Amino acid sequence: MKNLNYVIREAAEQDLEQIMELENACFGNDAWDADTMHFEVVAHHTHYLAAFEGPDATPKLIGFAGLSKIPGNDQADIQTIAVSEAARGKGVGKALMLELLKEARRLHTAEMFLEVRADNPAAQNLYLNLGFEHIDTRKRYYQPDDVDAWVMRLQFAKTSIGREPVVLGIETSCDETGVGIVRGNTLLANIISSSMDEHARFGGVVPEIAARAHLEALKPTLDQALAKANLSLKDIDAIAVTNGPGLGGALMVGIGAAKALSVAIEKPIYAVNHLVGHVGVDILERGELQTPTVALLVSGGHTSLLLVRDLLNDVELLGETIDDAAGEAFDKVARVLRLKYPGGPEIDKAAVGGDPKAIRFPRGLSLPKDMEKHRYDFSFSGLKTAVARWVEVAETKDEPINVADIAASFREAVADVLVTKAVNACLDHKVPRLLLGGGVVANARLRELAQERCDAHGIELRIPALSLCTDNGAMIAALGAQLMMAGRAPSSLHFGSDSTLPVTTVQSH
Ligand code: KG4
Ligand code: ZN
């Protein structure tokens with residue numbers, strides 16, 4: 001899939017020859033004639049896209065798709081979609097559909113329809129995953145094959161409740177109890193209660209303590225969020241809740257509360273992915289998420305590099321940590337240096353005035369051989385051990401330990417690896433954007449280095465406000481609202497927590 005390099009652009013008259021070739025190859029007897037195709041491709045009420053593969057000089061058409069929407073009517077139709085046989089199963093059809101959905105949204109479409117052969121489950125599944133539902137069957141629609149057509153519909157829900165939905169988000173995947181409220185793309189409240197202090201004497205998050213703290217904090221946090229938004233529970237249109245990844249017991253507290261609320265106020269519930277929430281939060285600051293984007297998520301619980309082509313439909317995990325999370329490395333090294341928990345801010349403080357080049361600590365998974373197999377993966381346990389060894393050796397030799405130099409050199413090693421791999425991901429995938437998320441984003445050197453390297457490569461760097469970078473309920477509410485506005489059916493009440501929920505599962509049912 002990754003080897004297929006293609007571009008999608010608007011179809012034009014000069015593409016007609018290749019379009020007709022592909023039309024005939026795909027639809028045989030049922031193919032449109034060249035005049036009909038010409039009319040539809042250039043018509044004002046249609047929007048046709050073409051996908052091309054190969055060198056710029058001689059691009060080869062591998063797919064096309066078209067949408068029609070009569071002005072003044074809020075319904076749209078997918079008129080056609082075709083992908084060459086050689087390019088099937090490689091995401092081209094989905095990419096074309098996603099672009100058409102964007103266009104439909106831009107045109108303020110309320111409902112979108114399409115027909116698909118009853119004997120084509122691969123296409124049906126693609127449309128079901130995009131939020132379409134099967135609403136009717138036209139008997140023996142495709143002739144001469146005598147095959148039925150499924151009529152499918154996607155409702156853009158913004159209009160199904162007649163306005164932007166008010167969504168309450170609950171986040172309890174780690175040690176922050178977060179309750180956020182949004183209206184559509186607008187942030188109304190973001191209240192966080194953290195159990196961090198209770199974990200301090202253990203030097204890291206203790207799952208049992210976190211779960212109990214959520215139980216105690218949930219109700220007051222919820223009350224505060226409603227008060228901040230100046231709303232009551234009856235104003236809420238839907239509940240969104242993190243169901244993974246995260247600590248199992250901690251997640252279950254939020255899920256239980258969210259299900260109870262959903263039943264009590266008789267409103268739909270959306271179970272959403274924590275990591276995708278970190279990405280979607282940008283919508284609350286900019287009104288939209290610009291895609292494609294690479295996202296680097298770094299916290300005490302995760303270190304993930306994502307390629308996001310579409311927030312709700314196409315999030316790919318490029319790499320992640322194979323041992324400690326970046327924040328965890330800060331916390332552990334702080335212990336070695338006898339600094340307080342959480343270690344990140346303490347190391348940031350200690351590093352001021354230190355020489356980042358004093359000690360060359362190892363950059364995990366960055367040797368040429370690692371860059372083949374683990375190009376986008378991270379490893380911090382070797383770095384932590386290197387710092388511990390360095391301190392140990394100095395102590396046995398009775399040499400003075402320069403905490404500022406060690407902190408600055410350690411911080412440099414972490415920031416260097418994170419930024420190098422994130423920028424590589426942007427360059428490799430020709431993505432001109434990088435979004436940061438997670439608590440480690442507070443790190444002064446990480447922010448500085450990311451800005452420097454992004455500027456050098458013409459990459460736009462996005463760092464949301466810190467209150468939206470650390471774990472919070474607003475990002476979960478925002479993702480729930482996006483799902484609702486895209487017409488997604490709510491989750492059932494049957495979903496559970498999933499500690500290792502993959503990023504590809506944006507919503508659990
Ligand atoms: O996103 P977050 O609040 O949630 C959890 O993972 O729970 O991230 C907390 C992590 C901790 O490991 C903390 O040490 C780290 O983020 N952190 C930092 C800084 N501030 C917080 N790491 C490096 N530099 C900082 N300034
Ligand atoms: Zn997080």
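Whatever order the structure lists them in is the order used to number ligands and atoms, beginning at 1. Computed from a predicted structure; not experimentally measured. Throughout, residue positions are numbered sequentially from 1 according to the sequence presented.
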inquiry  = Which residue in the set Leu307, Thr504, Leu306, Leu305 passes side-chain contact (heavy atoms from CB on, under 4.5 Å) when paired with Leu317?
reply    = Leu306

Leu289, Asp314, Val294 screened by side-chain contact (heavy atoms from CB on, under 4.5 Å) with Val308, the one that passes = Leu289

What do you reckon, does [X] have a nitrogen or oxygen under 3.5 Å from a nitrogen or oxygen of ligand 1?
X	value
Gly300	yes
Gly301	yes
Asp175	yes
Phe330	no

inquiry  = Once you restrict to heavy atoms under 4.0 Å, what part of Glu176 touches ligand 1? Side chain, backbone, both or neither.
reply    =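 Looking at Glu176 and ligand 1, just side chain atoms fall under 4.0 Å.
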
inquiry  = Is it the case that the ring center of Phe202 lies less than 6.0 angstrom away from the ring center of Tyr341?
reply    = no

Closest to the Zn ion (ligand 2), which N/O/S atom of [X] is it?
X	value
Asp471	OD1
His278	NE2
His274	NE2

Identify the protein heavy atom lying closest to [atom], giving its residue, its atom name and the separation to 0.1 Å.
atom	answer
atom 20 (N) of ligand 1	Pro345 CD, 3.4 Å
atom 24 (N) of ligand 1	Asn443 ND2, 2.9 Å
atom 15 (C) of ligand 1	Val440 CG2, 3.9 Å
atom 13 (C) of ligand 1	Asp331 OD1, 3.8 Å
atom 22 (N) of ligand 1	Gly344 CA, 3.2 Å
atom 26 (N) of ligand 1	Asp348 OD2, 3.0 Å
atom 1 (O) of ligand 1	Gly439 N, 2.8 Å

query = For Arg411, is the nearest heavy atom under 4.0 Å from an atom of ligand 1?
reply = no

ask   = What orientation do His278 and His274 show, parallel under 30°, tilted 30 to 60°, or perpendicular over 60°?
value =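 If you compare the ring of His278 with that of His274, the planes turn out perpendicular.
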
Aromatic plane relationship, Phe361 with Trp390 - under 30° parallel, 30 to 60° tilted, over 60° perpendicular = perpendicular

Identify, by atom number and element, the atoms of ligand 1 in contact range of [X], meaning under 4.0 Å from any of its heavy atoms.
X	answer
Thr470	1 (O), 3 (O)
Ala442	20 (N), 26 (N)
Gly343	14 (O)
Gly327	12 (O), 14 (O)

ask   = Hey, are Glu320 and His302 close enough side-chain-wise for a donor-acceptor pair under 3.5 Å?
value = no

task = Look at the side chain of Asn190 and the backbone N and O of Ser467, then say whether any donor-acceptor pair between them is shorter than 3.5 Å.
result = yes

note = For Ile459 and Val423 the tightest heavy-atom approach is CD1-CG1, 4.0 Å

key: Minimum heavy-atom distance between Tyr376 and Ala425, given as atom pair plus value   = CE2-CA, 3.6 Å

inquiry  = I'd like to know whether Arg375 forms a salt bridge (charged side-chain N to carboxylate O under 4.0 Å, His left out) with Asp428, so could you lay out the CA-CA distance, the side-chain angles of the two residues, the decisive distance to 0.1 Å, and finally the verdict.
reply    = CA-CA 11 Å; Arg375 187 166 177 79; Asp428 295 349; 2.6 Å; yes

message = For a salt bridge (charged side-chain N to carboxylate O under 4.0 Å, His left out) check, start with the C-alpha distance between Arg453 and Asp416, then their side-chain angles and the critical distance, and finish with the verdict.
response = CA-CA 10 Å; Arg453 302 247 184 105; Asp416 185 19; 2.9 Å; yes

query = Step by step, would you call Glu328 with Lys332 a salt bridge (charged side-chain N to carboxylate O under 4.0 Å, His left out)?
reply = CA-CA 6 Å; Glu328 214 177 337; Lys332 289 180 175 172; 3.6 Å; yes

query = Does His302 put an N, O or S atom under 2.8 Å from the Zn ion (ligand 2)?
reply = yes

inquiry  = Applying the side chain to side chain donor-acceptor pair (under 3.5 Å) criterion to His214, which one of Thr177, Thr172, Asp175 satisfies it?
reply    = Thr177

